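Ligands are counted one by one from 1 in listed order, and the atoms in each one are counted from 1 as well. We use all heavy atoms of the structure for the numbers below, so side chains are in, but hydrogens, waters and symmetry mates are not. Note that the structure is a prediction, hence the values are computed from the model and not measured.
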Amino acid sequence: MATAAVSELQEMLTLPGDAVRQIQWRFADRFDLQMLVQSARGVARGTVARLVAAGERNTHEWTPGKNEMMEAFDRAGLTATFMEPEEGGFIVGPKNLALALSAFELAWVDAGAATASLAGFLALAPIHERGTPEQVSRYKSLSAPPQPGEDRKPWRGAFVLTEPIPYVGVDTGMLSGKVRLADWKEGEEPWLQVDKRGRFITNIAFANFVTAAVISDDPRIKGSCFVILEETDEGTFDHGTPTKKLVHQLSSTGDPIFNLKVPASRIVGGYTVKDGVIVPNWNHGEVIESVFRRTRVPVGLMTAAKLLSAVEPVIRYQRGRFRGAEGARPGTVRYEQGIQQREDALHRLVDVWATGEAATSLGLATARLFDDLDPIEKRKNAILTERGINGGRAELKALKESEQRAIELLSLEPDSARRQDLEADPLVQYVLMDSAANVLCPATKLWNTGHGANLLREAVSLMGGYGITEDCPGFLGNKWMDAQLEATYEGPEAVQRRQLTVTMTSEIFLAQFRAWTAEMRRIASDRPGTGACTLASAMQMWQWTLGHLQRATDPEGGKLYHGQRQGVTFVLADALCWLMASRCQILDVLELEARGPEDPVASEGLAGTVQFLSDLCHTQAAAAAGEVSRICAELVFGYNQHPSWDEEAHTNCFLASELEEYEETMPGISAMAVDVLGADGSHPQKAGPCAGCGGNSDFLRLQSKLMRCLSGARLAKDRAAETVSKVMIPEALDYPA
Ligand SMILES: Cc1cc2nc3c(=O)[nH]c(=O)nc-3n(C[C@H](O)[C@H](O)[C@H](O)COP(=O)(O)OP(=O)(O)OC[C@H]3O[C@@H](n4cnc5c(N)ncnc54)[C@H](O)[C@@H]3O)c2cc1C
């Protein structure tokens, strides 16, 4: 499939390097991000790797060693990633991709280190998203690392939402943290009394301030809000005891207790006073929504990084497995190839690698989408404010019209003049991006971490006993276990699935999904080796199934696609994530193929790299198709009652005596009849007559097509496995074991 413009070599000789990745992941023209990646990598493979190797994960306590890691983040500029240049940062504009890349590099070695780095930004995020200009300026400047020559320790923050059971966890609406009026003198700023206990709060051992979710316990304060609490405020700021975590031990986690008196100006985003009542400008739900929407993406990238980081250690282990044994002399297959002589070992590693590629592509595509969305969202707000619309129902109504325009846009030919008009409309751009982001963010968090954790187990198993020891190169055992936390915090799988079940059914998302399906077919006609056709068929099946389930009922007449029916909605959301990941993976390989030849480094051996990465796409598309087909078939058929052998249900069966008669006029019919009843009522030994598929023949047609689309997928996997068995790797891992 590679074009003649690239090198003649068809086999990938070395692991994909930075030049290839920068093109695939679209930051080849962002020098600031390339520098950030190098800085994060230096800390990860230096300070962080040494801490892990020295056993710092074996204690729950906050140690001088772990503190040294935070200081290394400051020195490397990582702590400044979130800040604007005037606040002490160095990246101009949106920072979603920057944060994602930084988390990716740190998690390549240890996800706890990545979490420790991100938690400070999570604390600042409510302020960044919804804070007043004064709040933004104060807390971001205080949290920025000191400039050269400046004698100051940066403030550290923590984000405090989760509370001791039975309050907030998945259900963020159930708050027990309370805010009351402490003091309100005529004409002066009111003072608040804040009473909040946290559970599992990251960064808490050393936090100087926290942003905490609380609900009013006072008729003079309306609803809920986020408040900023500082260590030196009047009252109790108890950092609490460390949580006895099994994971991410390089980050600090604990259960703090706060009972503090603070000015009302600490309400995130400010407040107004209406009829003597303090009304926060943003309730805690609105703040959480805008925060998690972005911060969940880097979490998904942590697991993706770990999957890709497993490739090199596993290859090295497999190849060296028999070296030193009597019969394995240099030059023999046993010596040179070790376990890589065996197809299963190679195929399983290909699965891990392909999943890591897809997860990274999905996560970084989502981060880039948020970078594009951020300025458009600001424009949307400005346009609507100009029209006198400030959020709420009026905004929804105003955007409805833009949604219809966006749907029209998706149906137009590429060169139509109307299309250009619609494309230039910022509100149309906004609704398109927003609806995609509403799906891609939870998809990244859910699929990368949940399915990623399963594949990390697979990676660990490829290292045999070594995999589950502390000595395992690449710390794979830690990475596997850590993935479960990535799947849990910032809202576990149920939260992501719940969001997907709503956002994936929006008219505008489904219109885009249809366009993406057509796009995959177009790609397939030029690049059949990517598995794009398989993916398009699976996408078609998913969309058909959603439509079917939205209309279908169970035998009792109950609606199948319904908020309460998670058995239907959640699994369909899972299926969608596979499709989204595979799509992003294919698009990234096409980008590499198109832009690689211009780059002096990436162009070397490009054809082989593109071939290999395409084979991984094909492998992943086939896995996605299998998953989607399994899930959809179970949902489409599984809610039909299976016929039984009773009088009523077997009326469609043949009687044995009837068949004998028919055989005279229709020779061969007996061979076709599967449900034949004997004269004494006896029947074949099975659950009942085969279930009819009335109304579902469309589905069977789609499924039959999809199965045929799998042609070539295993050939691609074989080719990828062959490359894995030959690709050169460095002599030793570049960070300690
Ligand atoms: C190491 C660590 C660090 C953390 N850091 C922070 C932090 O800095 N700040 C902070 O505020 N919080 C933090 N958390 C808390 C974390 O966000 C929560 O633990 C997480 O959101 C899950 O909530 P929960 O533990 O109450 O789980 P539960 O709500 O009890 O969930 C248990 C299970 O039930 C399922 N479930 C729950 N509700 C539903 C439903 N409606 N439908 C279907 N299934 C459902 C869940 O998917 C899950 O599988 C941290 C947690 C850990 C372990």
Side-chain angles (χ1 to χ4, degrees), residues 57 60 62 66 107 110-126 156-177 196-207 209-214 224 226-227 229 239-258 268 284-285 287-289 291-292 295-296 298-299 302 442 445-446 449-450 453 478 481-502 562-571 573-574:
R57 287 181 56 120
H60 310 296
W62 190 247
K66 295 178 192 178
D110 187 89
T115 294
S117 160
L118 288 178
F121 306 143
L122 184 61
L124 286 169
R156 314 272 187 214
F159 173 86
V160 187
L161 171 63
T162 308
E163 297 175 346
I165 282 175
Y167 291 101
V168 15
V170 167
D171 190 349
T172 52
M174 286 189 356
L175 278 178
S176 108
K196 168 92 181 177
R197 295 168 73 104
R199 177 169 62 118
F200 305 153
I201 303 305
T202 308
N203 263 10
I204 198 61
F206 46 81
F209 74 98
V210 304
T211 38
V214 285
S224 67
F226 260 79
V227 286
L229 308 175
H239 296 258
T241 47
T243 307
K244 293 184 178 155
K245 284 181 293 184
L246 296 171
V247 294
H248 283 216
Q249 291 94 338
L250 288 191
S251 69
S252 138
T253 313
D255 297 353
I257 302 167
F258 308 102
V268 172
H284 86 288
V287 175
I288 292 171
E289 198 186 302
V291 166
F292 280 160
T295 58
R296 282 173 176 152
V299 179
M302 290 187 201
K445 175 71 165 55
L446 175 62
T449 63
N478 293 346
M481 188 74 169
D482 283 353
Q484 187 51 48
L485 177 60
E486 288 131 45
T488 300
Y489 74 168
E490 292 202 29
E493 282 117 308
V495 174
Q496 317 309 322
R497 291 185 173 115
R498 207 165 49 183
Q499 188 184 334
L500 277 165
T501 60
V502 176
H562 186 280
Q564 299 302 322
R565 208 146 198 173
Q566 298 178 343
V568 175
T569 57
F570 276 22
V571 286
D574 287 339

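- Atoms of ligand 1 lying under 4.0 Å from any heavy atom of Gly491, numbered from 1 in the order shown and given with element: 21 (O).
- Closest approach of Leu246 and Arg57 over heavy atoms only: O-NH2, 4.4 Å.
- Atoms of ligand 1 lying under 4.0 Å from at least one heavy atom of Leu161, given by number and element, are 10 (C), 11 (O).
- A pairwise comparison of heavy atoms in Ile204 and Gly254 identifies CG2-N, 3.4 Å as the closest pair.
- Between the side chains of Thr202 and Tyr489, no donor-acceptor pair is found at a separation under 3.5 Å.
- Contact annotation: Ala158 has no heavy atom less than 4.0 Å from any atom of ligand 1.
- For atom 45 (C) of ligand 1, the nearest non-hydrogen atom from the set Ala494, Ala123, Pro166 belongs to Ala494.
- With Phe200, Tyr489, Phe570 as candidates, the residue nearest to atom 19 (O) of ligand 1 on a non-hydrogen basis is Phe200.
- Not a single heavy atom of His248 sits closer than 4.0 Å to an atom of ligand 1.
- Residues Val160 and Gly198 share a closest heavy-atom pair of CG1-CA, 4.0 Å.
- Any N or O atom pair closer than 3.5 Å counts here, and Thr253 shares no such pair with ligand 1.
- The Glu490 neighbourhood of ligand 1 comprises atoms 17 (O), with distances under 4.0 Å to a heavy atom of that residue.
- In terms of N/O distances under 3.5 Å, ligand 1 is not approached by Ile201.
- Between Tyr167 and Leu175, every side-chain heavy-atom pair lies at or beyond the 4.5 Å cut-off.
- At least one side-chain heavy atom of Gln499 sits less than 4.5 Å from a side-chain heavy atom of Arg296.
- By the 6.0 Å contact criterion, CZ on Arg497 is enclosed, its count of non-hydrogen atoms from other residues, nucleotides or ligands being greater than 12.
- Between Phe159 and Phe226, a ring centre-to-centre spacing shorter than 6.0 Å is recorded.
- If you check each of Leu485, Thr115, Val495 against atom 2 (C) of ligand 1, the one with the closest non-hydrogen atom is Leu485.
- Listed by atom number, the atoms of ligand 1 under 4.0 Å from Thr488 heavy atoms are 20 (C), 21 (O).
- With ligand atoms numbered from 1 in the order given, ligand 1 contributes 1 (C) to contacts under 4.0 Å with heavy atoms of Lys245.
- Under a 4.0 angstrom heavy-atom cut-off, Arg498 registers as being in contact with ligand 1.
- No side-chain heavy atom of Val495 sits less than 4.5 Å from a side-chain heavy atom of Lys445.
- Here's the thing with Arg199: one of its N/O atoms is less than 3.5 angstrom from an N/O atom of ligand 1.
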